[in-house]
Peer 1: 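Please see the structure below; I have some questions.
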Amino acid sequence: MLRALSGLTTRGRCLLAAGVAAAVCSFVLNERDLLRVAVFVIALPLLVAYFISATRLKLGAARTLRPDRVSVGSPGEVQLELWRNGRLPAGEVLLEDGVPYALGSRPRFVVERLPHDRRVALRYPLQPVLRGIQQVGPLRATITDPFGLCEFERELIGHSRLVVVPKAVGLWGLPSGAGIGAGDDGSIRLHAGQGESDVIVRQYRQGDDLRKVHWRSTARRDEIMVRVEERPWRGGTTVLLDHRAAAHHGTGPAASLEWAVSFAASVSLHLRRSGHRVRLITEHGRPLADTPGEGGEHYDNIVLDVLAALQPAHQRDITLGHDPAEGQELIAVLGTVSNESVHELSRYRPRGIRSLAVLLDTPGWSSGVNRPENRAAATEESVALLRAAGWGVVVAGPGSPMPQVWAELCQTATRRGTLIGGGL
C-alpha cells in the first residue's frame with residue numbers, strides 16, 4: 001500500500017490531507033456528517049492509487065524499427081504496439097519513447113482508453129542527421145486517473161539498436177584509362193590477325209577513352225569492346241580515411257569528419273561496384289574493411305557498418321612505418337596534416353604507383369568560408385608538399401559537392417599521366 005501511495009500527485013496528497021483535517025474537525029466539533037465527508041475524501045485518493053497501481057502491472061508493449069539500418073538523411077519509422085492483459089480497466093496512458101537528438105524529436109502519445117481485446121498501434125518517424133550506432137528507448141508509460149490524483153511511471157521496453165550509416169553519394173565516371181587490366185574483370189585476350197600483336201579487350205565502361213575502341217572485336221561480339229594495353233594487374237585500391245579528432249573541425253553533422261567519412265564511403269562503394277577490390281584503412285594503416293570486387297549489397301553493408309561505428313582517434317600525427325596501401329594505388333581523404341605527416345605519407349609510397357589525396361580545408365568548417373583566397377596557409381603548404389612528392393591533390397571545403405570533388409580528382413589523375421593500376 002505504501003508503494004501505491006508513492007504515486008499520489010500533488011492534488012491527491014492535498015485531497016488526502018484535507019480528508020484527514022476534516023476527520024479531526026469532525027471529532028472536535030462532534031459532526032457526524034463532516035466525518036462521512038472526511039471518510040469519502042480520504043478513501044477516494046487511496047482507492048484510486050490502489051486501482052492505478054494494480055492496472056500498471058497489466059500493460060505490455062512491443063517496438064519495431066523499420067528499417068533497423070538507415071543512412072543519414074533517409075527517413076525511418078518506429079512502430080509501437082500497446083496492449084493490456086487481464087480484465088481491469090486501464091486509465092489514461094501517456095507514452096514517451098527515448099529518441100536521441102540525432103534521430104529527431106522525442107515522441108509522446110496519449111491513449112485515453114486502452115481496450116483489453118486488441119492492440120493499439122502507434123508509429124512515429126525518424127529523421128537521422130548523424131551517423132552512429134543509435135539507441136532508441138526506453139519506452140516509458142505514465143498511467144494516470146481521470147481526476148489527476150495518482151500517476152505511476154513504468155518502463156515498458158528497453159533499448160532498440162538502430163544503425164545509422166553515412167550517406168553514400170553517387171559518383172560518376174572514372175579517370176581516363178582506369179579500370180583496365182584488372183585481371184578479374186573479364187578481360188579477353190584475342191589474336192587480332194596477321195600483322196597485329198595480341199591484345200586484351202574487355203567490355204566498354206563509362207569513362208573509357210573512345211580512342212581505344214577495338215572495332216574488330218566490337219563487330220565480332222556485337223558490343224563495344226576496348227583495348228587493354230597494360231599488363232594484367234590483380235591488386236586493388238586502398239582508401240585511407242584520416243579520422244583523427246585533431247585533424248578536423250566543426251561539430252555534429254556539419255563537422256569536417258562527417259564529410260570525410262561520407263566521401264570515403266562514396267568512393268569505396270563506387271569503386272567496388274565498378275568491379276574492383278577495395279581496402280579501407282585508417283591514417284595509421286590499420287584496416288577497417290576489405291571487400292572483394294564481386295558481390296552484392298552485403299559487401300556494401302560491410303563498409304557502411306564499419307564507418308557508422310567509427311569514432312574520432314586521439315593521435316596527434318600520422319605514424320605509419322610502411323606503405324599504407326601495400327603497393328596498391330592509394331586514395332587518401334585527409335584532414336589537417338602537418339609537414340611531418342605529409343612526409344610520413346610520402347616516404348613509403350613507390351613513385352610508379354598512383355597516389356591521390358583529397359585534402360580538406362578544415363578551418364573552413366569552423367568559419368563557413370569556402371573560397372580559395374581564404375584557405376589556411378597550412379592547407380596550401382600541405383598541398384604543395386604532397387604535389388612535390390608526386391601526389392595528385394584536390395582541396396575540398398564545407399560547400400564542395402562530392403561528385404564535383406571526385407570529378408576533379410579524376411581529372412587531376414589524368415593530367416598527371418599516372419594510371420591507377422587497374423583500381424580506378
Side-chain angles (χ1 to χ4, degrees), residues 67 69-76 127-132 163-180 182 185 203-210 224 236-241 243 253-280 288-308 310 329-334 354 356-360 370 392 394-414 420 422-424:
R69 62 189 312 278
V70 63
S71 65
V72 173
S74 299
Q127 293 292 337
V129 296
L130 187 64
R131 65 176 177 86
V163 180
V164 182
V165 300
K167 183 178 181 180
V169 178
L171 303 179
W172 188 261
L174 297 168
S176 177
I180 54 182
D185 63 354
Q203 295 177 349
Y204 172 82
R205 292 175 182 168
Q206 181 67 35
D208 286 339
D209 190 349
L210 292 177
I224 300 178
T237 302
T238 296
V239 178
L240 184 149
L241 174 60
H243 71 301
S256 61
L257 177 60
E258 299 307 314
W259 193 99
V261 170
S262 181
F263 185 77
S266 303
V267 172
S268 299
L269 268 58
H270 178 64
L271 295 177
R272 200 208 61 77
R273 290 168 183 172
S274 298
H276 311 296
R277 188 181 187 113
V278 179
R279 291 180 64 244
L280 182 62
L288 291 173
D290 191 351
T291 64
E294 298 177 357
E297 185 179 357
H298 169 71
Y299 296 104
D300 291 350
N301 292 340
I302 292 176
V303 174
L304 294 175
D305 289 348
V306 166
L307 292 177
L310 187 67
E329 72 100 9
L330 176 65
I331 300 176
V333 185
L334 304 173
R354 174 182 288 170
L356 301 174
V358 174
L359 186 62
L360 274 61
N370 184 30
V394 173
V395 179
S400 301
M402 294 184 189
Q404 179 180 339
V405 173
W406 173 251
E408 292 178 4
L409 195 67
C410 295
Q411 293 172 5
T412 299
T414 303
I420 300 181
L424 274 176

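No experiment lies behind these values; they were computed from the predicted model shown.
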Peer 1: Which distance, rounded to the nearest 0.5 Å, do you find between the NE2 of His276 and the CD of Glu329?
Peer 2: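 Between atom NE2 of His276 and atom CD of Glu329 there are 9.5 Å.
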
Peer 1: Go through the steps for Arg131 and Leu310 under the test side-chain contact (heavy atoms from CB on, under 4.5 Å), then give the verdict.
Peer 2: CA-CA 9 Å; Arg131 65 176 177 86; Leu310 187 67; 4.1 Å; yes

Peer 1: Going by heavy atoms in the side chains, are Thr238 and Val278 under 4.5 Å from each other?
Peer 2: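 Answer no - side chains too far apart.
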
Peer 1: Test side-chain contact (heavy atoms from CB on, under 4.5 Å) on Val72 and Leu130; report intermediate values, then the result.
Peer 2: CA-CA 6 Å; Val72 173; Leu130 187 64; 5.9 Å; no

Peer 1: Using a 4.5 Å cut-off on heavy atoms from C-beta on, say whether the side chain of Val394 contacts that of Leu359.
Peer 2: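 Counting from C-beta outward, Leu359 and Val394 never come under 4.5 Å.
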
Peer 1: Could you tell me if the side chain of Phe263 sits less than 4.5 Å from the side chain of Val239, heavy atoms only?
Peer 2: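 No, too far: nothing below the 4.5 Å cut-off.
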
Peer 1: Distance check, rounded to the nearest 0.5 Å: Leu171 atom CG versus Cys410 atom SG?
Peer 2: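 Reported to 0.5 Å precision, the distance equals 8.5 Å.
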
Peer 1: Which value, rounded to the nearest 0.5 Å, describes the distance between Leu409 atom CG and Met402 atom CE?
Peer 2: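 Going from the CG atom of Leu409 to the CE atom of Met402 covers 13.5 Å.
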
Peer 1: Name all residues meeting the side-chain contact (heavy atoms from CB on, under 4.5 Å) criterion together with Pro401; count only those two or more places apart in sequence or in a different chain, and write none if there are none.
Peer 2: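 By the side-chain contact (heavy atoms from CB on, under 4.5 Å) rule, Pro401 matches Pro403, Gln404.
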
Peer 1: Please check: side-chain N/O of Ser400 versus main-chain N/O of Gly397, any donor-acceptor pairing under 3.5 Å?
Peer 2: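 Here the side-chain-to-backbone pair exists.
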
Peer 1: Could you give the distance from OG1 (Thr237) to CZ (Arg277), rounded to the nearest 0.5 Å?
Peer 2: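 Atom-to-atom, Thr237:OG1 and Arg277:CZ are 11.5 Å apart.
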
Peer 1: Between His270 and Trp406, is the gap from one ring center to the other below 6.0 Å?
Peer 2: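 Yes: the rings meet the under 6.0 Å criterion.
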
Peer 1: Quick check: do Val261 and His243 have side-chain heavy atoms less than 4.5 Å from each other?
Peer 2: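 Side-chain contact under 4.5 Å: no.
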
Peer 1: Is a side-chain N or O of Ser266 found less than 3.5 angstrom from the main chain of Val169, in a donor-acceptor match?
Peer 2: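 A pair under 3.5 Å: yes.
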
Peer 1: Mind checking the CD1-CG spacing from Ile302 to Leu288? Nearest 0.5 Å is all I need.
Peer 2: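 Going from CD1 on Ile302 over to CG on Leu288, the span is 12.5 Å.
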
Peer 1: If every non-hydrogen atom of Leu241 is compared with every non-hydrogen atom of Ala264, which pair is closest and at what distance?
Peer 2: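 Answer, listing the atom of Leu241 first, then Ala264: CD1-CB, 4.1 Å.
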
Peer 1: Who pairs with Ala265 by side-chain contact (heavy atoms from CB on, under 4.5 Å), at least two apart in sequence or on another chain?
Peer 2: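 With sequence neighbours excluded, Ala265 shows a side-chain contact (heavy atoms from CB on, under 4.5 Å) to Pro166, Leu304, Leu307, given in chain and number order.
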
Peer 1: Please give me the minimum heavy-atom distance between Pro75 and Gln127, naming the atom from each residue.
Peer 2: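 Shortest heavy-atom contact: CB-NE2, 3.7 Å.
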
Peer 1: Just so I know, are the side chains of Leu360 and Val358 near enough to count as touching, which here means a heavy-atom distance under 4.5 Å?
Peer 2: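 In contact.
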
Peer 1: To the closest 0.5 Å, what do you measure between CZ (Arg279) and CG (Asp290)?
Peer 2: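 Result: 6.0 Å between the selected atoms.
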
Peer 1: Taking only residues two or more places apart in sequence, or in another chain, which ones meet Ser71 in a side-chain contact (heavy atoms from CB on, under 4.5 Å)?
Peer 2: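 Residues passing side-chain contact (heavy atoms from CB on, under 4.5 Å) with Ser71: Ser74, Val165.
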
Peer 1: Is a donor on one side and an acceptor on the other found under 3.5 Å between the side chain of Arg273 and the backbone of Ser268?
Peer 2: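 The answer is no, because no donor-acceptor pair under 3.5 Å joins these two groups.
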
Peer 1: Mind checking whether Leu330 and Leu240 have side chains closer than 4.5 Å, heavy atoms only?
Peer 2: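 When only atoms from C-beta onward are counted, Leu240 and Leu330 do touch, with a gap below 4.5 Å.
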
